[in-house]
Amino acid sequence: NPCRGAVPEESESHFETLLPSALSYLAVAVEDGYVRADPDVVAKLSDTRIAELCRPACVYGFDIPEELRRFLTALDTVGA
């Protein structure tokens, strides 16, 4: 995973849960109704610190932090 190399070694030990792949999977689970968008989930999806570090390393050119912001905005407008 090229993203892991973009994360400084001194980053928090639980950074795996903040990788773009983990946050994307969580967003899909919310979208599909498997996970409720409660305040804890929204807070996790909003924490894009590590995903921002990974953006330049994405071999596909995806901007996961921006997509998560759009997703959260859409959630807010539907009142989830």
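- Residues passing the side chain to side chain contact (heavy atoms under 4.5 Å, CB included) test with Val35 are Leu26, Ala29, Val30, Val41, sequence neighbours excluded.
- Residues forming a side chain to side chain contact (heavy atoms under 4.5 Å, CB included) with Ser21 (at least two apart in sequence, or on another chain): Leu19.
- Under the 4.5 Å side-chain criterion, counting only non-hydrogen atoms from C-beta, Phe71 is in contact with Glu31.
- What you find for Val42 and Leu72 is that their closest heavy atoms are CG1-CD2, 4.1 Å.
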Using atom types as modelled, flag every donor-acceptor pair under 3.5 Å from a side chain in residues 57-69 to any protein atom, sequence neighbours excluded.
residue	atom	partner	partner atom	Å
Asp63	OD1	Arg55	NH1	3.4
Asp63	OD1	Glu66	N	3.2
Asp63	OD2	Arg55	NH1	3.2
Glu66	OE1	Arg69	NE	3.2
Glu66	OE1	Arg69	NH2	3.4
Glu67	OE2	Arg70	NH1	3.0
Arg69	NH1	Glu52	OE2	3.1

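- Scored by the side-chain hydrogen bond (donor to acceptor under 3.5 Å, both in side chains) test, Thr17 finds Lys44 as partners (sequence neighbours excluded).
- In this structure, Asp47 CG and Phe15 CZ are separated by 13.5 Å, a value rounded to the nearest 0.5 Å.
- Partners of Asp32 by side chain to side chain contact (heavy atoms under 4.5 Å, CB included), not counting sequence neighbours, listed by chain and number: Val28, Tyr34.
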